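So the structure is just underneath, and the comments pick up after that.
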Amino acid sequence: MARRYWLMKSEPSAFSFNDLLDSPRNTDHWDGVRNYQARNSMQEMTKGDRVLFYHSSTAPPHVVGIAEIAREAYPDHTAFDEKSKYYDSKSSPDNPRWFMVDVRAIKKLPTIVPLADLKANPKLAKMLVVQKGQRLSVQPVTAAEYTEVLRMAGASAR
DNA sequence: GCCAACGTTGGC
DNA sequence: GCCAACGTTGGC
């Protein structure tokens, strides 16, 4: 199957791209997604898909790095943990409602790409992250959009 | 800190 | 099934 491209948001104060780089094998699981559309996107992900790692709720919001899907969707165990803030009584190991993937950091971008720059680029007019009011934490990106963001960051596509 | 946009919940 | 109330996201 052809490689696909995604954008995943994280608040750097909670989990930053550096945190992912500092993780064992540059890899960690992406838990806590509790939105059906975002979950559905995660279930479509295949190993090797590329991810634009986006820092939200920071000034300025920006794309900071490139990651890849290291493990395809599996049940999000934090939903089963009553002590977790992501606990959901309607999700159980027998019938999981929420899923997560493993993500591996590939590299930091030479320069970050601020949201304002994405918005100012006509080639990215249809990109979900620039749409007003959109707040999906996991979203699909086209190959052309992905390549353009890398070009803006001074990075080569690979 | 404000608040618009959006998704979810629950009463009816 | 409708929709008001509520909680959350996330840019500014």
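Owing to the predicted nature of the structure, the values given are computational and were not obtained by experimental measurement. In what follows, every chain begins at residue 1, and chains take the letters A, B, ... in the order their sequences are listed.
Take A:Gln139 and apply the side-chain contact (heavy atoms from CB on, under 4.5 Å) test, not counting sequence neighbours, and it matches A:Leu7, A:Lys9, A:Leu128, A:Val129, A:Gln134, A:Leu136. Considering only residues two or more places apart in sequence or on other chains, A:Arg39 meets the side-chain contact (heavy atoms from CB on, under 4.5 Å) condition with A:Tyr36, A:Gln43, A:Arg97, A:Trp98, A:Phe99.
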Show me the donor-acceptor pairs, under 3.5 Å and distance only, between side chains in residues 112-121 of chain A and residues at least two apart or in other chains.
residue	atom	partner	partner atom	Å
A:Asn121	OD1	A:Lys123	N	2.8
A:Asn121	ND2	A:Glu148	OE2	2.8

Result block: side-chain N/O donor-acceptor pairs under 3.5 angstrom for residues 12-22 of chain A, not counting sequence neighbours:
residue	atom	partner	partner atom	Å
A:Ser16	OG	A:Asn18	N	3.4
A:Ser16	OG	A:Asp19	N	3.1
A:Ser16	OG	A:Asp19	OD2	3.3
A:Asn18	OD1	A:Lys108	NZ	2.8
A:Asp19	OD2	A:Ser16	N	2.9

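Going from atom NZ of A:Lys90 over to atom CG of A:Asn95 covers 13.0 Å, rounded to the nearest 0.5 Å.
Recorded end-axis angle for the helix from B:dG1-C:dC12 to B:dC12-C:dG1 stands at 10°, based on five pairs per end and rounded to 10 degrees.
Along DNA chain C, read 5' to 3', the first and last nucleotides having any atom under 4.0 Å from a heavy atom of chain A are C:dG7 to C:dC12.
Without hydrogens or angle criteria, A:Asp76 side chain to A:Gly32 main chain gives a donor-acceptor distance under 3.5 Å.
Around CD of A:Gln37, the count of heavy atoms belonging to other residues, nucleotides or ligands within 6.0 Å does not exceed 12.
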